[in-house]
Amino acid sequence: MLYKMIYLEICLGTACHLMGSEEIFASIEELPARIKSKVTVRGMHCLGACDQGPNVRINGTIYHQMTPEKLVVLLQEIGGGLDA
Amino acid sequence: MPRLLTEIDKIRRQVLTEVARLTFQGKLLREAEELPYKLYDQGIRNYRCCQFKERAVLKERIRLAVGEDPTQDREPLVNAVIRSLKRDKIKGSMLRVIDIACDRCPIDAILVTDACRNCVAHNCVNSCPKKAIHILNGKAVIDKEKCVECGMCAKACSFGAILQVQRPCERSCQVGAISSGEDRHAVINEEKCVTCGACTVGCPFGAISYKSEIVPVIKKLNDNAHSIALVAPAVAGQFGRSVSLGQVIAGLKDLGFKEVKEVAVAADDIANLEADEEINGWLTNSCCPAYKNLVEKHFPQLKEHVSHQLSPMAYLASKVRKEDPNAFIVFIGPCLAKKEEAQDLVDAVLTFEELACMFVAKDINLAAIEGVPLTDNPSKYGLGFAKSGGVSAALGTHKDVKSKALNGLAECKTALLLAKAGKIDVDFLEGMACVGGCLGGPGTLVDSNLSRKILETESASRDQKQESQSK
């Protein structure tokens, strides 16, 4: 089975924090175990899109206005197909 | 308040950030009229019926952000901004209802749902003291003329088919200060309101909010005045788990504050003084302004039991004022009631939320800047004032008192009712209006469970450092 790690970078800069990046960070704990085991999380200082926070970068692609709900769907889409 | 960040919070923060940005740049007056359009274009839309209402609500939010009351007349935003820019201090009550944002929730207090089975016992009919329930077409029907909304039927129904519902604003208010006024708009009764701010979190339409003090503060910072920031102990973790207090202080200096002091130091002094106070039966704290309001407005006969000490904020502010009479003193905390407390001693009170919006407006990213070393040395007990149980713990180090921590207004109210009846068996009552203490305040940025953990680890490590230094 091919396992590709998901490299998740969450911006913890003040602009993203104000719009709820802390909640995104906390929601990683709540991810389904199947996804969580593949995710490597890293906090970032700025992803350069401060007016569209909270920003995250997944495997190199930046996603704006993230919410915990959107993130779960996104990670499942990205990570789900690989171990099917 | 352990809670999730809602769209309401995000909208309020976006408005505050834009207003702060324009004020820093000195463009507020010129661009004020355009601001509702700009914010609408930035994505604050699809919440209301149409773009016109959306912008009308935004206009009211901007009025609050510049420290003006919402209005129902068609005054141009520019006029409000002109007044705001002339003002050095925002006075009066801070909690305001935005009438146009209020949905005037048409909630029947008692509602029979489809779960009604038209049973044989008819417990609802039998339980009603006003004989207001009849059975019509196989379902219980409530005669609105007779119903006094006591809720007995809701309790009596074996199927739970009768709901007792309340408007969210009224439910969030523990002191019954919010009622439905003319046209069913929410109305705050100032005589009952203790300014805890629970309604600003409770209303799902964001129709209750607070007047911001960012404009007078930014004006002073722009003028390079000698401004001094007093930071509440609840600051722990507010700007993210990776941001240290040293970084927050560095950020405050970047904003233009000349000095930054920790209020936790004053909390240590207050604990000392409170411990020396003569106890007339029992004593209760004066540091939580909303709790103090509760005692003064709702239990005036218990006023003599409130500690005569100033709150740590007022205590430190008066000390700073003595050294420097011309300083512009800004308290920064999680609290809305502080905005109304001791209006003569401090020049402005900001919430952590307002401060974060100012950082963003000035493009200051706390996560990326170098922290400064801390100069104040509060004990872990002084820092502990921010959490429920902290004041009792601090007092406990001075003398042997039996104390009880009241966590949130509901608990405070129950305990004070008992105290009024003389049924009290403790020496010290610690009242905090927000659940979790200051860390759960309406002006906070993170969940109180997280900030509590950060506060505890931080204060333990600072304590250790101080101990090793004194050796």
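Contact annotation for B:Glu18: neither backbone nor side-chain heavy atoms come within less than 4.5 Å of a heavy atom of chain A. Of the atoms belonging to B:Ile364, it is backbone heavy atoms, and not side-chain ones, that fall under 4.5 Å from chain A.
Of all heavy-atom pairs spanning A:Gly13 and B:Ala367, the tightest one is CA-CB, 4.1 Å. Contact detail for A:Ala15 and B:Val360: the closest heavy-atom pair is CA-CG2, 3.5 Å. Taking all atoms of both residues into account, the shortest heavy-atom contact from A:Thr14 to B:Leu366 is OG1-N, 2.9 Å.
Atom NZ of A:Lys70 has more than 12 neighbouring heavy atoms from other residues, nucleotides or ligands inside a 6.0 Å radius. No more than 12 heavy atoms of other residues, nucleotides or ligands sit less than 6.0 Å from atom OH of B:Tyr37.
Going from atom SG of A:Cys11 over to atom CG of B:Asn365 covers 6.5 Å, rounded to the nearest 0.5 Å. How far CG of B:Leu5 is from CE of A:Met19: 8.0 Å, rounded to the nearest 0.5 Å. Note that CE of B:Met358 and CG of A:Leu18 are 12.5 Å apart. Values are rounded to the nearest 0.5 Å.
In this structure, B:Lys10 and A:Thr67 have side chains that are in contact, with non-hydrogen atoms separated by less than 4.5 Å.
Between the side chain of A:His17 and the main chain of B:Arg241, no donor-acceptor pair closer than 3.5 Å is present.
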